[in-house]
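Side chains are part of it too, since the values below use all heavy atoms of this structure and drop only hydrogens, waters and symmetry mates.
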Amino acid sequence: MMNTKINSLLRSILFWAVFIGLLVGSGFLSAFSPGPFQRLTYGILGSLAAFLATLMFLKYEKSSFAAIGLVWEKRTLLRFALGISLGAGIFAVCLIILLWLTGLRLQAAAKAFDPVTWLGYLAVIPLALMEEIGFRAYPFLKLDRAFGIRLTQFIVAVSFALYHILNGWTIYAAFTGPFVWAFVFGLAAAWSKGIAMPTGIHVALNAGQMITGMSGGNGLWKLGYAPGVSHPITERTATVALLLQLAVLVCALALTEYYIRKKSVN
(Lines give C-alpha, C1' and ligand atoms only; values in the text may rest on other atoms or scores of the structure.)
Protein backbone atom coordinates (compact mmCIF):
# COMPACT_ATOMS: atom_id res chain seq x y z
CA MET A 1 0.00 0.00 0.00
CA MET A 2 2.78 2.44 0.94
CA ASN A 3 4.67 1.64 -2.26
CA THR A 4 1.51 2.36 -4.28
CA LYS A 5 1.10 5.75 -2.60
CA ILE A 6 4.73 6.72 -3.10
CA ASN A 7 4.60 5.57 -6.72
CA SER A 8 1.44 7.60 -7.40
CA LEU A 9 2.92 10.71 -5.79
CA LEU A 10 6.21 10.40 -7.67
CA ARG A 11 4.45 9.82 -11.00
CA SER A 12 2.24 12.86 -10.41
CA ILE A 13 5.27 15.01 -9.62
CA LEU A 14 7.06 13.68 -12.71
CA PHE A 15 3.95 14.38 -14.79
CA TRP A 16 3.89 17.99 -13.61
CA ALA A 17 7.60 18.34 -14.41
CA VAL A 18 7.01 17.04 -17.96
CA PHE A 19 3.90 19.19 -18.36
CA ILE A 20 5.71 22.36 -17.27
CA GLY A 21 8.66 21.50 -19.49
CA LEU A 22 6.34 21.20 -22.49
CA LEU A 23 4.68 24.49 -21.51
CA VAL A 24 8.05 26.21 -21.67
CA GLY A 25 8.37 24.95 -25.24
CA SER A 26 4.82 26.14 -25.95
CA GLY A 27 5.71 29.60 -24.68
CA PHE A 28 8.77 29.70 -26.92
CA LEU A 29 6.76 28.73 -30.01
CA SER A 30 3.85 31.07 -29.24
CA ALA A 31 6.30 34.00 -29.15
CA PHE A 32 6.60 33.68 -32.92
CA SER A 33 2.90 34.37 -33.46
CA PRO A 34 1.61 37.96 -33.92
CA GLY A 35 1.30 39.91 -30.66
CA PRO A 36 -2.51 39.86 -30.31
CA PHE A 37 -2.55 36.11 -30.93
CA GLN A 38 0.21 35.11 -28.52
CA ARG A 39 -1.99 34.31 -25.49
CA LEU A 40 -4.42 32.36 -27.64
CA THR A 41 -1.59 30.49 -29.34
CA TYR A 42 0.01 29.72 -25.99
CA GLY A 43 -3.30 28.41 -24.65
CA ILE A 44 -3.83 26.14 -27.65
CA LEU A 45 -0.25 24.85 -27.64
CA GLY A 46 -0.40 24.48 -23.86
CA SER A 47 -3.56 22.38 -24.12
CA LEU A 48 -1.86 20.19 -26.71
CA ALA A 49 1.15 19.93 -24.39
CA ALA A 50 -1.11 18.80 -21.56
CA PHE A 51 -2.70 16.17 -23.80
CA LEU A 52 0.76 15.03 -24.95
CA ALA A 53 2.06 14.70 -21.38
CA THR A 54 -1.06 12.73 -20.46
CA LEU A 55 -0.69 10.49 -23.51
CA MET A 56 2.93 9.73 -22.62
CA PHE A 57 2.04 8.58 -19.11
CA LEU A 58 -1.05 6.64 -20.21
CA LYS A 59 0.96 4.84 -22.91
CA TYR A 60 3.58 3.88 -20.33
CA GLU A 61 0.86 2.50 -18.05
CA LYS A 62 -0.93 0.83 -21.00
CA SER A 63 -4.04 2.85 -20.21
CA SER A 64 -6.25 5.21 -22.23
CA PHE A 65 -7.90 8.62 -22.15
CA ALA A 66 -11.24 6.89 -21.57
CA ALA A 67 -9.89 5.32 -18.38
CA ILE A 68 -9.43 8.78 -16.84
CA GLY A 69 -12.58 10.30 -18.33
CA LEU A 70 -10.67 12.53 -20.74
CA VAL A 71 -12.96 11.91 -23.72
CA TRP A 72 -15.79 13.82 -25.37
CA GLU A 73 -19.21 12.59 -24.28
CA LYS A 74 -22.79 13.62 -24.99
CA ARG A 75 -22.96 15.52 -21.67
CA THR A 76 -19.54 17.19 -21.98
CA LEU A 77 -20.89 20.45 -23.41
CA LEU A 78 -23.71 20.49 -20.87
CA ARG A 79 -21.26 20.03 -17.99
CA PHE A 80 -19.06 22.79 -19.39
CA ALA A 81 -22.08 25.12 -19.62
CA LEU A 82 -23.08 24.22 -16.05
CA GLY A 83 -19.54 25.01 -14.95
CA ILE A 84 -19.76 28.40 -16.67
CA SER A 85 -23.01 29.09 -14.82
CA LEU A 86 -21.59 28.02 -11.45
CA GLY A 87 -18.40 30.01 -11.94
CA ALA A 88 -20.31 33.11 -13.03
CA GLY A 89 -22.63 32.77 -10.04
CA ILE A 90 -19.78 32.41 -7.56
CA PHE A 91 -17.94 35.35 -9.09
CA ALA A 92 -21.08 37.52 -9.05
CA VAL A 93 -21.75 36.80 -5.36
CA CYS A 94 -18.14 37.59 -4.41
CA LEU A 95 -18.19 40.78 -6.48
CA ILE A 96 -21.47 42.00 -4.96
CA ILE A 97 -20.14 41.44 -1.43
CA LEU A 98 -16.88 43.20 -2.32
CA LEU A 99 -18.72 46.23 -3.70
CA TRP A 100 -21.11 46.31 -0.76
CA LEU A 101 -18.45 46.22 1.96
CA THR A 102 -15.58 48.22 0.50
CA GLY A 103 -16.91 51.27 -1.30
CA LEU A 104 -15.57 50.04 -4.62
CA ARG A 105 -17.71 50.68 -7.66
CA LEU A 106 -17.81 49.46 -11.24
CA GLN A 107 -17.13 52.09 -13.85
CA ALA A 108 -17.41 51.77 -17.61
CA ALA A 109 -14.02 51.41 -19.24
CA ALA A 110 -12.92 54.52 -21.07
CA LYS A 111 -11.08 52.63 -23.80
CA ALA A 112 -13.07 51.18 -26.67
CA PHE A 113 -13.58 47.43 -26.64
CA ASP A 114 -11.91 46.54 -29.97
CA PRO A 115 -11.90 43.17 -31.77
CA VAL A 116 -8.32 42.46 -30.66
CA THR A 117 -9.52 42.46 -27.06
CA TRP A 118 -11.85 39.58 -27.87
CA LEU A 119 -8.80 37.44 -28.58
CA GLY A 120 -7.83 37.86 -24.93
CA TYR A 121 -11.24 36.60 -23.83
CA LEU A 122 -11.13 33.74 -26.32
CA ALA A 123 -7.72 32.72 -24.97
CA VAL A 124 -9.29 32.13 -21.54
CA ILE A 125 -10.81 28.85 -22.76
CA PRO A 126 -7.63 27.00 -23.86
CA LEU A 127 -5.64 28.53 -20.99
CA ALA A 128 -8.12 27.12 -18.47
CA LEU A 129 -8.31 23.82 -20.35
CA MET A 130 -4.56 23.26 -20.27
CA GLU A 131 -4.45 23.79 -16.51
CA GLU A 132 -7.42 21.52 -15.87
CA ILE A 133 -5.87 18.74 -17.96
CA GLY A 134 -2.56 19.33 -16.21
CA PHE A 135 -3.93 19.26 -12.67
CA ARG A 136 -7.42 17.72 -12.56
CA ALA A 137 -7.11 14.83 -15.03
CA TYR A 138 -4.34 12.18 -14.87
CA PRO A 139 -2.52 13.34 -11.70
CA PHE A 140 -5.75 14.06 -9.82
CA LEU A 141 -7.17 10.59 -10.48
CA LYS A 142 -3.80 8.96 -9.82
CA LEU A 143 -3.57 10.59 -6.41
CA ASP A 144 -7.26 10.09 -5.62
CA ARG A 145 -6.99 6.33 -6.12
CA ALA A 146 -3.95 6.21 -3.84
CA PHE A 147 -4.75 8.77 -1.13
CA GLY A 148 -8.47 9.55 -1.38
CA ILE A 149 -10.07 12.84 -2.31
CA ARG A 150 -9.31 14.69 0.95
CA LEU A 151 -5.50 14.47 0.74
CA THR A 152 -5.54 14.64 -3.06
CA GLN A 153 -7.27 18.01 -2.90
CA PHE A 154 -4.48 19.35 -0.68
CA ILE A 155 -1.61 17.92 -2.74
CA VAL A 156 -3.02 19.23 -6.02
CA ALA A 157 -3.84 22.63 -4.49
CA VAL A 158 -0.26 23.05 -3.26
CA SER A 159 1.08 21.95 -6.65
CA PHE A 160 -1.27 24.36 -8.41
CA ALA A 161 -0.06 27.23 -6.24
CA LEU A 162 3.60 26.33 -6.83
CA TYR A 163 2.95 26.20 -10.57
CA HIS A 164 1.65 29.77 -10.43
CA ILE A 165 4.69 30.85 -8.40
CA LEU A 166 6.88 29.45 -11.20
CA ASN A 167 4.83 31.64 -13.55
CA GLY A 168 5.79 34.75 -11.59
CA TRP A 169 3.06 35.00 -8.95
CA THR A 170 3.99 35.99 -5.41
CA ILE A 171 3.66 33.36 -2.69
CA TYR A 172 0.83 35.34 -1.08
CA ALA A 173 -1.10 35.70 -4.34
CA ALA A 174 -0.62 32.04 -5.27
CA PHE A 175 -1.83 30.70 -1.92
CA THR A 176 -4.75 33.11 -1.54
CA GLY A 177 -5.86 32.62 -5.13
CA PRO A 178 -5.05 29.45 -7.16
CA PHE A 179 -4.54 27.37 -3.99
CA VAL A 180 -8.04 28.21 -2.80
CA TRP A 181 -9.76 27.76 -6.15
CA ALA A 182 -7.98 24.44 -6.74
CA PHE A 183 -10.30 22.96 -4.09
CA VAL A 184 -13.32 24.21 -6.05
CA PHE A 185 -12.00 22.85 -9.36
CA GLY A 186 -10.99 19.54 -7.79
CA LEU A 187 -14.37 19.04 -6.16
CA ALA A 188 -16.12 19.78 -9.46
CA ALA A 189 -13.85 17.30 -11.24
CA ALA A 190 -14.54 14.57 -8.68
CA TRP A 191 -18.28 15.21 -8.55
CA SER A 192 -18.77 15.34 -12.33
CA LYS A 193 -16.15 12.67 -13.08
CA GLY A 194 -14.35 14.78 -15.64
CA ILE A 195 -12.80 18.16 -16.37
CA ALA A 196 -15.61 19.76 -18.40
CA MET A 197 -17.31 21.29 -15.36
CA PRO A 198 -14.16 22.58 -13.61
CA THR A 199 -12.97 23.98 -16.93
CA GLY A 200 -16.25 25.88 -17.24
CA ILE A 201 -15.92 27.25 -13.70
CA HIS A 202 -12.30 28.18 -14.38
CA VAL A 203 -13.22 29.99 -17.61
CA ALA A 204 -16.05 31.93 -15.97
CA LEU A 205 -13.89 33.08 -13.06
CA ASN A 206 -11.00 34.19 -15.27
CA ALA A 207 -13.34 35.90 -17.73
CA GLY A 208 -15.12 37.65 -14.85
CA GLN A 209 -11.82 39.06 -13.62
CA MET A 210 -10.97 40.25 -17.12
CA ILE A 211 -14.39 41.85 -17.68
CA THR A 212 -14.15 43.82 -14.42
CA GLY A 213 -10.50 44.77 -14.91
CA MET A 214 -9.28 42.73 -11.93
CA SER A 215 -6.60 41.02 -13.99
CA GLY A 216 -5.54 44.15 -15.87
CA GLY A 217 -5.88 44.64 -19.60
CA ASN A 218 -8.99 45.90 -21.35
CA GLY A 219 -12.19 45.14 -19.48
CA LEU A 220 -15.74 46.20 -20.12
CA TRP A 221 -15.65 47.79 -16.68
CA LYS A 222 -13.05 48.67 -14.10
CA LEU A 223 -13.16 48.70 -10.33
CA GLY A 224 -12.39 51.99 -8.65
CA TYR A 225 -13.06 54.21 -5.66
CA ALA A 226 -14.95 57.45 -5.58
CA PRO A 227 -12.68 60.54 -5.33
CA GLY A 228 -11.39 61.21 -1.84
CA VAL A 229 -11.59 57.66 -0.50
CA SER A 230 -9.37 57.33 2.56
CA HIS A 231 -6.46 54.91 3.02
CA PRO A 232 -8.18 52.83 5.75
CA ILE A 233 -10.98 51.99 3.31
CA THR A 234 -8.49 50.69 0.74
CA GLU A 235 -6.93 48.55 3.47
CA ARG A 236 -10.39 47.19 4.29
CA THR A 237 -10.74 46.13 0.66
CA ALA A 238 -7.70 43.85 0.95
CA THR A 239 -9.10 42.39 4.17
CA VAL A 240 -12.53 41.76 2.67
CA ALA A 241 -10.96 40.17 -0.43
CA LEU A 242 -8.93 37.83 1.77
CA LEU A 243 -11.97 36.91 3.88
CA LEU A 244 -13.91 36.13 0.70
CA GLN A 245 -11.15 33.76 -0.41
CA LEU A 246 -11.20 32.11 3.01
CA ALA A 247 -14.99 31.76 2.77
CA VAL A 248 -14.63 30.06 -0.62
CA LEU A 249 -12.02 27.70 0.85
CA VAL A 250 -14.22 26.81 3.84
CA CYS A 251 -17.20 26.14 1.56
CA ALA A 252 -15.09 23.98 -0.76
CA LEU A 253 -13.72 21.97 2.18
CA ALA A 254 -17.20 21.53 3.65
CA LEU A 255 -18.61 20.38 0.31
CA THR A 256 -15.68 18.00 -0.11
CA GLU A 257 -16.58 16.41 3.23
CA TYR A 258 -20.21 16.19 2.10
CA TYR A 259 -19.06 14.52 -1.13
CA ILE A 260 -16.98 12.00 0.85
CA ARG A 261 -19.91 11.12 3.12
CA LYS A 262 -22.35 10.85 0.24
CA LYS A 263 -19.98 8.64 -1.70
CA SER A 264 -19.41 6.34 1.30
CA VAL A 265 -23.19 5.90 1.72
CA ASN A 266 -23.69 5.05 -1.93
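Here L40 contributes atom CG and L45 contributes atom CG; the two are 9.5 Å apart, rounded to the nearest 0.5 Å. The CG atom of L55 sits 11.5 Å away from atom CG of L48, with the distance rounded to the nearest 0.5 Å. Atom CG of L99 sits about 10.0 Å away from atom OG1 of T237, to the nearest 0.5 Å. The structure places OG of S12 at 11.0 Å from CG of D144, a figure rounded to the nearest 0.5 Å. Between L9 atom CG and I6 atom CD1 the span is 8.5 Å, to the nearest 0.5 Å. Atoms CG and OG1, on L187 and T256 in that order, are 4.5 Å from each other to the nearest 0.5 Å.
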| query | Going through the distances and angles, do V180 and F175 end up as a side chain to side chain contact (heavy atoms under 4.5 Å, CB included)? | reply | CA-CA 7 Å; V180 171; F175 278 92; over 6 Å; no
| task | Carefully, step by step, assess Y163 and E131 under the rule side chain to side chain contact (heavy atoms under 4.5 Å, CB included). | result | CA-CA 10 Å; Y163 157 80; E131 292 184 348; 3.1 Å; yes
| Chi angles and distances behind the ring pair (Phe, Tyr, Trp, His ring centres under 6.0 Å) call for F154, F183 | CA-CA 8 Å; F154 179 76; F183 287 91; 7.2 Å; no
| query | Is there a side chain to side chain contact (heavy atoms under 4.5 Å, CB included) between F32 and T41 once you walk through the steps? | reply | CA-CA 9 Å; F32 289 98; T41 303; over 6 Å; no
| task | Applying side chain to side chain contact (heavy atoms under 4.5 Å, CB included), run through R236 and V240 and close with a yes or a no. | result | CA-CA 6 Å; R236 186 173 68 187; V240 171; 4.1 Å; yes
| query | Run the salt bridge (charged side-chain N to carboxylate O under 4.0 Å, His left out) check on K193 and E73 step by step: do they pass? | reply | CA-CA 12 Å; K193 296 180 174 57; E73 299 176 342; over 6 Å; no
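Side-chain contact between M214 and L223: present, with at least one pair of heavy atoms (C-beta onward) separated by less than 4.5 Å. At least one side-chain heavy atom of L106 sits less than 4.5 Å from a side-chain heavy atom of L95. Side-chain contact check for Y42 versus L23: some heavy-atom pair is nearer than 4.5 Å. Side-chain atoms of M210 and N206, non-hydrogen and from C-beta on, never get closer than 4.5 Å to each other. M197 is not listed as a side-chain neighbour of F80, based on a closest heavy-atom distance of 4.5 Å or more. A 4.5 Å side-chain heavy-atom check between I68 and F140 finds every atom pair outside the cut-off. Two residues are said to be in side-chain contact when any heavy atoms from C-beta on lie closer than 4.5 Å; F91 and Q209 meet this criterion.
Considering every non-hydrogen atom in both V203 and A128, the closest pair reads CG2-CB, 3.7 Å. The two residues A174 and A161 make their nearest non-hydrogen contact at CB-O, 3.5 Å. The two residues I133 and P139 make their nearest non-hydrogen contact at O-CD, 4.3 Å. Of all the heavy atoms in F147 and L151, the pair that sits closest is CD2-CD2, 3.4 Å. Nearest heavy-atom pair, Q245 versus W181, reported as atom, atom and distance to 0.1 Å: OE1-NE1, 3.2 Å. Taking each heavy atom of A182 and Q153 in turn, the nearest pair found is O-OE1, 3.7 Å.
At least one donor-acceptor pair closer than 3.5 Å links the side chain of T152 to the backbone N or O of L143. Distance alone, capped at 3.5 Å, is enough to place a donor-acceptor pair between the S47 side chain and the P126 backbone. Remark: side-chain polar atoms of T76 are not paired, donor with acceptor, to backbone N or O of W72 under 3.5 angstrom. With hydrogens and angles ignored, the 3.5 Å screen pairs no side-chain donor or acceptor of R39 with any backbone N or O of V124. Between the S85 side chain and the A81 main chain, a donor and an acceptor come within less than 3.5 Å of each other. In this structure, the side chain of E132 does not engage the main chain of I195 through any donor-acceptor pair within 3.5 Å. Remark: side-chain polar atoms of W16 are paired, donor with acceptor, to backbone N or O of G134 under 3.5 angstrom.
Between Y138 and F15, the ring-plane angle classifies as tilted under the 30° and 60° cut-offs.
Heavy-atom neighbours of I171 CD1 from other residues, nucleotides or ligands within 6.0 Å: at or below the threshold of 12. More than 12 non-hydrogen atoms from other residues, nucleotides or ligands lie less than 6.0 angstrom from CZ of F65.
The distance between the ring centers of F185 and F135 does not fall below 6.0 angstrom.
Sequence neighbours left out, the pairs with a member in residues 150-159 that pass salt bridge (Lys or Arg N to Asp or Glu O under 4.0 Å) are R150-E257.
Residues that satisfy the side chain to side chain contact (heavy atoms under 4.5 Å, CB included) test with T239, not counting sequence neighbours, are L243. Applying the side chain to side chain contact (heavy atoms under 4.5 Å, CB included) rule to A66 yields the partners S64, V71; only residues at least two apart in sequence or on another chain are considered.
Under a cutoff of 6.0 Å and an axis angle of 45°, R136 and F160 form a cation-pi pair.
Hydrophobic clustering of Ile, Leu, Val, Met, Phe, Trp and Tyr side chains at less than 4.5 Å, counting indirect connections, unites L52 with L70. Hydrophobic clustering of Ile, Leu, Val, Met, Phe, Trp and Tyr side chains at less than 4.5 Å, counting indirect connections, unites Y258 with L86. One hydrophobic cluster, built from ILVMFWY side chains closer than 4.5 Å, cannot hold both W169 and L127; they sit in different ones. No chain of hydrophobic side-chain contacts below 4.5 Å, direct or via other Ile, Leu, Val, Met, Phe, Trp or Tyr residues, connects M56 to Y60. Under a hydrophobic-cluster definition in which Ile, Leu, Val, Met, Phe, Trp and Tyr are linked whenever side-chain heavy atoms come within less than 4.5 Å, directly or via other members, V250 and V158 are assigned to different clusters.
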